[in-house]
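Chain letters run A, B, ... following the sequence lines, proteins first, then strands; residues in each count from 1.
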Amino acid sequence: MQRYSLANLLRHALNRHTTWAPAWRRPPLKDRYQVIVIGAGGHGLATAYYLAKEHGIRDVAVLESGWLGGGNIARNTITIRSNYMRDASIPFYVKSVALYEAMTRELNFNTMHTRRGMIDVIQSWGMMRDRRRRQHIMDLHGATYRQLTLPDLRRRVPALTGGGADARLPILGAFLHPEAATNRHDAVAWGYARAIDAMGGEIHQRPPVTQLLRGADGRIAGVETPRGTVRAPKVVVAVSGHTTSLTETVGLRLPLRSMNLTAFVSEPVRPLIDVIVNCPDAGVYLSQSDKGELVIGGPPDPGQSYRRDIKQGVFEETVAALLSLFPAFKRLKLLRQWGGHLDIAPDASPIQDETDVPGLFVTAGWWGGYKAIPAGGLTLAHLVATGQPHPLMEHFTLRRFRHLDYQMETGTTTAR
Amino acid sequence: MLLIPCPFCGPRDESEFICGGPVRPPRPDPAQTSDADWTDWLIQAPNPVGPVQEHWWHARGCGVWLTLWRDTRSHEIVAGASDDG
Amino acid sequence: MTGKRLATGGRIDRNRPLRFTFDGRGYTGFAGDTLASALLANGVRTVARSFKYHRPRGVVTAGVEEPAALVELLGPDASGNRQATTVPLTEGLAARSVNCWPSPRFDLGAVVQLAARAIPAGFYYKTFKWPGWALYAPAIRRAAGLASAPDHPPQGVYETRHAHCDLLVAGAGPAGLMAALVAARAGLRVVLADEGVEAGGALLSRDLLIDGAPARDWVAAVVAELAAAPLVTHLQQASVWGYREHNYLMVTETAPDRPGLTARGWRVRAGHVITATGALERGIAFAENDRPGVMLAGSVQTYLHRNAVAPWRRAVVFTNNNSAYAAAADLAAAGIVVAAIIDSRDQVPEDARARVAGLPLRAGHVVTRVLGRAGLRGVCVASPDGAEARIDCDLLAVSGGWNPSVHLWSQARGTLRYDADLAAFLPDRAVENVTAAGAAAGALGLPDALASGAEVGARVAGLPAPAVPQASDLPYAITPLWQVAHPRGKAFVDLQNDVTVADVELALREGYADVELVKRYTTAGMGLDQGKTGNVTVIGTLAQAQGRAPGEVGTTTFRAPWTPVAFGAIAGQRDGPLALPWRETPVTRWNIDRGAMMYEAGARWRRPGYFPATPDEPMAEAIARECRAVRFGVGVYDGSPLAKFEIKGPDAAAFLDHLYTNRMSSLKPRRGRYGLMLTDDGLILDDGVCFRLDAARWLVSGSTGHAEALHRHLEYQRQTSRPGWRVFITPVTEQWANATICGPQARAVMQALGCDFDLSAQAFPFMQLREGHVAGLPARVLRVSFTGELSYEVNVAPRHLPALWQQVMGAGAPHGILPVGSEANHVLRVEKGFLSLAHEVDGTADPHDLGLGWVMAQAKPDHLGQRAVAIRRAGGGVRRELVGVIPEGDTPLPEGAPLTPGGQRVASEGFITACVRSVVQDRWLGLALLDNGHARHGETAHVRLQGGQVIPVRVAAPIHYDPEGERLRS
Amino acid sequence: MRYDVTITPLPTMALFDLKGRAEALRDWAGAALPPFPDRPNSACGDGQGILMWLGPEHWILRADLDREQALEATLRPAEAPPDLSIVRVSDTLAFFRITGPEADAILAIACPLDLHPTRFGPDGASFTRAFGVSALVAQYTEGFDLAVARSYAPMLTRALAEAAG
Ligand SMILES: Cc1cc2nc3c(=O)[nH]c(=O)nc-3n(C[C@H](O)[C@H](O)[C@H](O)COP(=O)(O)OP(=O)(O)OC[C@H]3O[C@@H](n4cnc5c(N)ncnc54)[C@H](O)[C@@H]3O)c2cc1C
Ligand SMILES: NC(=O)c1ccc[n+]([C@@H]2O[C@H](COP(=O)([O-])OP(=O)(O)OC[C@H]3O[C@@H](n4cnc5c(N)ncnc54)[C@H](O)[C@@H]3O)[C@@H](O)[C@H]2O)c1
Ligand SMILES: Cc1cc2nc3c(=O)[nH]c(=O)nc-3n(C[C@H](O)[C@H](O)[C@H](O)COP(=O)(O)O)c2cc1C
Ligand SMILES: [Zn+2]
């Protein structure tokens, strides 16, 4: 692997950058691997990465129907945080945040991780209760969350001029989660891909997996693609919204629904907000990218959807919420909007398990799962390699549904 | 913004409706159903890449709960509405 | 200014000079100018600095596709990142360049250019890693963003409105006008929207004839006819920016003709849509092609014809297609020396040659390089054999061909095909009800555009295509040329994001081989202009490098908005207090006048939290006062928002038994029962009381915040799961407002009010209902209690509530009656261990956990949620159960605080759901959900706070007061 | 004012919510009801009152408030047979009358209904959504009547005023 560094950059500059090697190879697709990972999104790539790194399993192919990292990892609002509510979830996200912080060095690829912190702006007493609950329980698991005074809030986010005492929903308080971060989503995909390639794994773009194959013994046998059959004793499904459509090809039904979640960016403007601002009562959250545009998100579309497009009703609600708190943004301009299809379980928590089809693994239900990518890959690789759920993920197997043992994370369905 | 055919009102703007999610198979008789089948019925909603039959409530209209078939790839309404659930 | 304006012509009003400032200097232009045309007319060449390299940039185009001339408007209606080409000039306009300091001509940021070679696409992925990104990020962020964000709202207001039509035509060029005209004559309801200041589209930029007269005469006649048609809405300065499903389109009008209105957003539901959005010219990538003075040829025509601006002396035209020949001819006609027409094609069509007879034409030549920095001084031209020559000029008019504007078409998921003849992507198959017409469909010449508009308009109207006016135009022909290789200098494909051909090639070399990856690795097409002039050049460059056809490379995804739209025009009138709806009860005003602290309390109601006796009475004292009034005297609260439904029908009893966990069919008339409703997966949906009014009528009440969810649930069950049952549901929340009189003195107050029914405990016991008169007003009185005290919920018509309220306050005065807010109610219910869904139900608890196992009528046949609760319990998992907690040491327990084994820093075993200062026990009392809590009464458990503080609590039954319920039955 | 309209809050009206089969209602109420409208989302009046057909088996009877007692006495909600539902809902809706040459502009701001005369006749009446909440729109001679739940009346007053400018 060609190392990336300032010195190398300058060296290549002398050659007008004509001497850079490809970040990953484009090897021919073999007909057999030790493990097939379907989906070159964050979770699929992270799984392949940790299979090689932690378990020495390098004969891995990641098969991606579109372009590398073009799924939700290309379209999420990059909020990385661990301010969850339940004992089962928090340690997992704490781990994930820590892995993200180490990622740039680990991958020798700058993911531009910035611990900018997240502020939750509270406008109802119910939400205040919810956040106070997080404050204490997060502490048990090593995550921090602390209340800000209103003057502190206004000082940290000067653009937040709405929500005063006479506002429709006055701001009652705010909480700061300092570990929260943003980074460059594409860099995460590319950095993993390059590292996987360097360790011997393969990434294949644009062969969609059309079908899973089951052997006579009932075990998974491989996958079908337009480029032919590819066999493997272990197959990982990491395709977010498309999980059920793939698993149903071997008659496996999963408790998941696919929804379209959307985001939009404003025109790029000079630095204005240096923290992620989340307004769960209003129903909007935003942060400013290094390039200057505000990255803004809201709730999902009503109903299931595979259309990566924004619905006007949802969009207008989000904009009205945004302007109620940032009235000066009326003149700010919308630059682009898009969507992504996520899958969600009845309890809105993830599913990571070996399925009833032996050798077939799923990682799914990642509603706010960008933040979960490194830990999700770590735990799934563990499961695939050892056959045992990783301790951080043991509450999130499919078994919980047998007794409707929901792992309910309330308050996490609007702002991710 | 869908244009939803209401059997009572005719085509109406989606903003008058509330989505009720996919239509599931009829509720089984609990006395005749195993626990496993019951939980499957409860948690496994149809999730097709293509037409899904779903419920919509004309909450800001005539109050009908209607069903229609909507293609989840395009939002196209591929089969008409009925109010018979 | 002399010499830079043509003496005649143009759509400017020479009698209306307008003064404006740019970067602090004063200039003059004319009505009809854009900021860009006025700057050109004043000889201003450098308008902005580029995003990454801080290179000087000038005006490149004349419209929404402008990649370079970005400015910030100042003053009361300031806005940033505006294209100078789309800002109509107004008197007093003040603007400044973006991204430079101290000025665009001398910009300190330009030192980056020295390092330009070290910062190719993606350089930051490779660097700034040590010791950590955090060290560099602040400095890099400071360089971001071009203009500043507006720091105050505009003076005017915004509006959004709905429109419905048979046909929406996007674009009022010849094709769109023709289509709208034909449809209007056929009697269709038509909306015609065009983003330009005036209709005419490309006709405004050219000197073509229609029916032998100047084309603008035809435009004027069509506009007049459309204005007179009653079913036509014609909007100018109206951008059609979003194409949503089911032919729902978003249009923003930026200059609506109403006082005080800043912009108007239209939501148009159209039976059919015609995208007559024209075509946009693209550039060619060659070295230093971003220098001020390099412009697109068609835009040069716009400045000549629309603005009568001609600040140039010597022009070179560089093209690969016919359209620039018209530009060359127009330049010459305006008296500008056309030093050369450089055509990359070896064979130039005869009709094109004829158009420029007498002008020097060099076929098979290319421009390799631009000379001059802030101002163009000349170009280097290479002949087919590679010999380079220099030609002096102050304008290079470039045409790399035309891209039909397929954005709206693509937003509507219509497919595209690459047309090799036109070297462009064209609309292929439609998905929505949409047709492309004119240049947007590839009909690039005027006669074709007119014919196509007429044909499509007629088709929508169901008529044969009518005859179209006579016109002629130079036919379009192109041989694509995407880039000219040159060893030195930067050849830009995206001027806004400073992306060069070398960047695209680097991306390919490093494996970012997909057009989508190229976009993201280089950021090409991600600027304000979304690559309108450059994206297809990137595709062509990629195709060439990969030896593929552009059609195989494909486009990136076209997304809304077509051009940036102000957020204000999207939210419209939803502003200030109207951001969200709000609701008032008949005594909301009274509460506010009484000094209540009001807050949002679910379902958009604003309710009193508590009533401070004086403005500075502490909250805790006010609450305690109100609580004592209820416990020891009497209080009254406004329970109007409580959800209420009348349910009737032959099957109502069975229906209710299906919905509630307990049996309601066994109730006798005028009696009620507390009940829980579950969802079918066994979680708690709502709680409330259910009364039977008479044999077939019931009154169901639910919690305020769940009113709509409950209504939805009731109707859903009625209509979908039990459609055969005859049940009628009528919401009556708003028909019955109430004053709930509670406390030991409640009966005395009721007596003083005067009731026409017996109030004694025997005659009117707990959980019964009476209809009659209270204080002379028709009323429905319920003996329910959410406070644990004797309580009468007096329901009257809202129009009567203010009167009733006054009388209650009067009748209660001798007993010291107080109005009671939600906070006191909370204290009182915690003392009693009454459930509050918002506190005790967090998505896992079932009725047994909450000590409400008795509402699970086991003998009852199947009701919603019954089976799920059984399945969940059969799992044998540890249950979190509701308990009372009494803090040892009498300290408050933060609501939400976890309980952990021994107070250690380990996973929790429960949490505090509520904690209040009890007025009856004069100490802190709480409720908690605790693992196996029901079996742990009497034990000590531990609350652990952030920071490590541990508070031991005694676990008790979740009822701290009057466990037998004698008081509420009294 | 941006728009040439007049907005007038109307006094409380007598309103009865009627559910059940039309024949059964007619049998029960007799002459107390105006003729039943023959199309969904339309209204029929008889000088005494107006009957609006607003949903399947769902009508609202609207009359002047001074007829409330008399109507209640004839309709006898408490005694109606089980397969009919009659509920007095007079206080439930607050009405606003919007008239003037640009009344349709205000309605277009308020609600998504297509109120063009070819789509919404002179007897049109329908529930829809206005300014985000459920609302009843009825055609009136020179404009429209718009009604929302009473609790939203202060909000609607303000929204209408701002829309009109
Ligand atoms: C608008 C939006 C905002 C979000 N904001 C946040 C946030 O702020 N914080 C956060 O933590 N999370 C957020 N998320 C969620 C997060 O993006 C996802 O949970 C996470 O990225 C999903 O995991 P993934 O990256 O593996 O999925 P993806 O990136 O979607 O990967 C799945 C891949 O599988 C491929 N695939 C699908 N079918 C097949 C097939 N048959 N064969 C081969 N390949 C296939 C897809 O093309 C795709 O590349 C957001 C999501 C969206 C849409
Ligand atoms: N012969 C050539 O070389 C050549 C090449 C290109 C264009 N043309 C010209 O193209 C013309 C074709 O006419 P036409 O009517 O198809 O195109 P047009 O360019 O004349 O008109 C399109 C109009 O649509 C507007 N528009 C585009 N997108 C819009 C949106 N989203 N919302 C609102 N408005 C939008 C544009 O501003 C413009 O006014 C001919 O007159 C010809 O002069 C000629
Ligand atoms: C964090 C983030 C920032 C983005 N910033 C920009 C931007 O500055 N300009 C832009 O055009 N698109 C931006 N995008 C959107 C992408 O262009 C694109 O819309 C998104 O990756 C979804 O892909 P698609 O639109 O091709 O389906 C951004 C996306 C994300 C997730
Ligand atoms: Zn309807």
Quick one: do D:R2 and C:D257 make a salt bridge, cutoff under 4.0 Å?
no
Determine whether C:R604 and D:M155 make a side-chain contact, defined as any pair of heavy atoms from C-beta on separated by less than 4.5 Å.
no
Residues C:D166, D:R119: salt bridge by 4.0 Å N-O rule
yes
Minimum heavy-atom distance C:L261-D:Y3, with the two atoms named
CD2-OH, 4.3 Å
Turns out that what part of C:R189 lies under 4.5 Å from chain D's heavy atoms comes down to side chain
Side chain, backbone, both or neither: which part of C:I729 has an atom under 4.5 Å from a heavy atom of chain D?
backbone
What part of C:W266 is in contact with chain D, defined as an atom under 4.5 angstrom from a non-hydrogen atom: side chain, backbone, both or neither?
neither
Knowing that exactly one of D:R88, D:H58, D:K19 qualifies, which makes a side-chain hydrogen bond (donor to acceptor under 3.5 Å, both in side chains) with C:T730?
D:K19
Which bit of C:E584 is near chain D, if near means a heavy-atom gap under 4.5 Å: side chain, backbone, both or neither?
both
Quick one: CH2 on C:W736 to CG on D:D91, what's the gap to the nearest 0.5 Å?
9.0 Å
Looking only at non-hydrogen atoms, find the nearest pair between D:Y152 and C:W582 and report the distance.
CD2-O, 3.2 Å
Any idea which heavy atoms bring D:S85 and C:K648 closest together, and the distance?
CA-CD, 3.9 Å
Heavy-atom pairs under 4.5 Å with chain C: which of D:A159, D:A110, D:A163 has the most?
D:A159
Please classify the contact between D:V89 and chain C as side chain, backbone, both or neither, with a heavy-atom cut-off of under 4.5 Å.
both
Are D:E57 and C:R726 packed together at the side-chain level, in the sense that at least one heavy-atom pair is separated by less than 4.5 angstrom?
yes
Does C:C165 offer a backbone N or O that forms a donor-acceptor pair with the side chain of D:H116 under 3.5 Å?
no
With a 4.5 angstrom heavy-atom cut-off, could you sort out which part of C:V727 is near chain D: side chain, backbone, both or neither?
neither
Heavy-atom closest contact (D:A78 atom, C:R697 atom, distance)
CB-NH2, 3.5 Å
Side chain, backbone, both or neither: which part of C:T160 has a heavy atom under 4.5 Å from chain D?
backbone
Taking only Lys NZ, Arg NE, NH1 and NH2, and the carboxylate oxygens of Asp or Glu, determine whether D:E162 and C:R574 approach each other closer than 4.0 Å.
no
Take D:I109 and C:R264, measure what side-chain contact (heavy atoms from CB on, under 4.5 Å) needs, and give me the verdict at the end.
CA-CA 10 Å; D:I109 293 169; C:R264 177 188 284 143; over 6 Å; no
For the student: nearest non-hydrogen atoms of C:P650 and D:P82, plus distance:
CD-O, 3.5 Å
For the CZ atom on C:R671, are there more than 12 heavy atoms of other groups (residues, nucleotides or ligands in this structure) within a distance under 6.0 Å?
no
Please name the pair of heavy atoms, one in C:E734 and one in D:S151, separated by the smallest distance, quoted to 0.1 Å.
OE2-OG, 2.5 Å
Ranking D:A153, D:P77, D:A105, D:C111 by heavy-atom pairs under 4.5 Å to chain C gives rank one to D:C111
If one checks every heavy atom of C:P641 against chain D at 4.5 Å, the contacting part turns out to be neither
Could you tell me which portion of C:L693 (side chain, backbone, both or neither) has an atom closer than 4.5 angstrom to a non-hydrogen atom of chain D?
neither
Are D:T92 and C:V732 side-chain neighbours, meaning at least one heavy-atom pair lies under 4.5 Å?
no
Between D:R150 and C:R583, is the side-chain contact (heavy atoms from CB on, under 4.5 Å) condition met? List the steps.
CA-CA 8 Å; D:R150 153 185 286 263; C:R583 308 171 83 168; over 6 Å; no
